[in-house]
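Just so you know, these numbers use all the heavy atoms, side chains as well, and skip hydrogens, waters and symmetry mates.
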Amino acid sequence: QVQLVESGGGLVQAGGSLRLSCAASGRTWTIYTLGWFRQGPGKEREFVSIINWRGAGTHYADSVKGRFTISRENANNMLYLQMSDLKPEDTAVYYCATSRRYSSDTFIPPAQDFDSWGQGTQVTVSS
């Protein structure tokens with residue numbers, strides 16, 4: 001089992017920036033892809049971004065392309081999400097998750113293949 005702990009959420013004004021972090025522990029050698037998902041108020045959980053353990057296979061939701069950047073630091077089992085030019089519609093609980101399937105340039109593991117999830121961190125963007 002992999003344990004995930006997110007941090008870095010908070011309240012920010014529109015146009016501002018935040019950096020989310022996710023610390024992984026436990027059976028980290030089983031991690032092939034790491035991802036960020038979010039769930040806004042009254043909305044379904046949605047995909048935000050993923051990256052594989054090699055730092056490739058990176059994908060972003062259309063709504064965040066050009067504003068968010070995902071990265072990982074294998075030595076410390078860390079995943080990051082740098083968020084810039086934040087908008088009120090980015091308000092959500094952001095979750096870190098891991099999958100035992102590799103993402104690639106042409107393959108995005110479906111959400112049901114992410115089997116470890118963090119508790120989430122709240123991001124609120126005021127207008």
Side-chain angles (χ1 to χ4, degrees):
Q1 190 74 3
V2 174
Q3 292 79 46
L4 302 168
V5 179
E6 303 96 335
S7 61
L11 174 64
V12 63
Q13 289 188 331
S17 299
L18 279 175
R19 188 196 196 202
L20 303 184
S21 299
C22 174
S25 61
R27 300 172 62 89
T28 56
W29 61 90
T30 65
I31 299 173
Y32 284 75
T33 296
L34 305 98
W36 290 98
F37 295 78
R38 68 185 182 186
Q39 187 167 16
K43 298 180 180 179
E44 297 290 320
R45 183 181 63 194
E46 64 177 357
F47 162 79
V48 176
S49 182
I50 58 170
I51 188 170
N52 69 31
W53 197 245
R54 296 173 179 170
T58 301
H59 297 273
Y60 296 91
D62 288 342
S63 58
V64 307
K65 279 181 183 176
R67 300 187 298 120
F68 290 11
T69 302
I70 192 170
S71 62
R72 90 281 177 267
E73 184 183 327
N74 291 352
N76 294 315
N77 295 316
M78 294 295 295
L79 175 70
Y80 303 101
L81 186 69
Q82 179 67 46
M83 306 186 294
S84 302
D85 190 22
L86 283 161
K87 303 176 181 181
E89 51 263 42
D90 294 319
T91 294
V93 177
Y94 284 71
Y95 298 92
C96 169
T98 64
S99 172
R100 283 174 281 182
R101 300 187 71 181
Y102 255 124
S103 64
S104 70
D105 290 344
T106 57
F107 175 69
I108 300 175
Q112 58 263 34
D113 285 349
F114 285 80
D115 48 17
S116 293
W117 293 81
Q119 82 290 347
T121 186
Q122 176 70 47
V123 172
T124 303
V125 184
S126 63
S127 57

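Heavy-atom contacts from other residues, nucleotides or ligands closer than 6.0 Å to CD of Q13 number 12 or fewer.
For the pair Q3 and G26, the tightest heavy-atom approach, listed with the atom from each and the gap, is OE1-CA, 3.5 Å. Between S127 and A14, the shortest heavy-atom distance links the atoms CA-CB, 4.3 Å. Closest of all the heavy-atom pairs between S103 and N52 is O-ND2, 2.9 Å. A24 and V2 make their closest contact through CB-CG1, 4.4 Å (heavy atoms, listed as atom of the first residue, atom of the second, distance). Of all non-hydrogen atoms in Q1 and S116, the two that sit nearest each other are NE2-OG, 4.2 Å.
A side-chain donor-acceptor contact under 3.5 Å links R72 to the backbone of R54. A donor-acceptor pair under 3.5 Å links the side-chain atoms of H59 to the main chain of S104, judged by distance alone. For E6 (side chain) and Q119 (main-chain N/O), a donor-acceptor pair under 3.5 Å exists by modelled atom type. Side-chain N or O atoms of Y60 include one that pairs as donor or acceptor with a backbone N or O of I70 at under 3.5 Å.
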Worksheet item: Does the pair L34 and I31 meet the rule for a side chain to side chain contact (heavy atoms under 4.5 Å, CB included), with working shown?
Response: CA-CA 7 Å; L34 305 98; I31 299 173; 3.7 Å; yes
Item to complete: Take S21 and M78 through the side chain to side chain contact (heavy atoms under 4.5 Å, CB included) test and state the conclusion after the steps.
Response: CA-CA 7 Å; S21 299; M78 294 295 295; 3.9 Å; yes
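Using a 4.5 Å heavy-atom cutoff, the side chains of D115 and R100 are in contact. Residues L79 and I51 meet the side-chain proximity criterion, which asks for heavy atoms closer than 4.5 Å. Side chains of L81 and V48 form a contact here, defined as non-hydrogen atoms less than 4.5 Å apart. The shortest side-chain heavy-atom distance between F37 and E46 does not fall under the 4.5 Å cut-off. Looking only at side-chain heavy atoms (C-beta outward), T91 and Q122 come within less than 4.5 Å of each other. Using a 4.5 Å cut-off on side-chain heavy atoms (C-beta onward), L18 and L86 make contact. At least one side-chain heavy atom of F114 sits under 4.5 Å from a side-chain heavy atom of I50. Two residues are said to be in side-chain contact when any heavy atoms from C-beta on lie closer than 4.5 Å; M83 and S17 fail this criterion.
Cluster annotation: V93 and W117 are assigned to the same hydrophobic cluster (Ile/Leu/Val/Met/Phe/Trp/Tyr, side-chain heavy-atom contacts under 4.5 Å, transitive). Under the 4.5 Å side-chain contact rule for hydrophobic residues, Y32 and L4 share a cluster. A continuous path of ILVMFWY side-chain contacts below 4.5 Å connects V123 to V64, so both sit in one hydrophobic cluster. When hydrophobic clusters are built by joining Ile, Leu, Val, Met, Phe, Trp and Tyr residues whose side-chain heavy atoms come closer than 4.5 Å, directly or via intermediates, Y102 is grouped together with W36.
Comment: D113 engages R101 in a salt bridge, judged by a side-chain N to carboxylate O separation of less than 4.0 angstrom. Between K87 and D90, no side-chain nitrogen of the basic residue sits less than 4.0 Å from a carboxylate oxygen of the acidic one, so the salt-bridge criterion is not met.
A side-chain donor-acceptor contact under 3.5 Å links E73 and Y80. Looking at Y94 and R38, their side chains do bring a donor and an acceptor atom within 3.5 Å of each other.
Taking CD1 of I108 as the reference point, atom OG of S99 lies at 12.0 Å (rounded to 0.5 Å).
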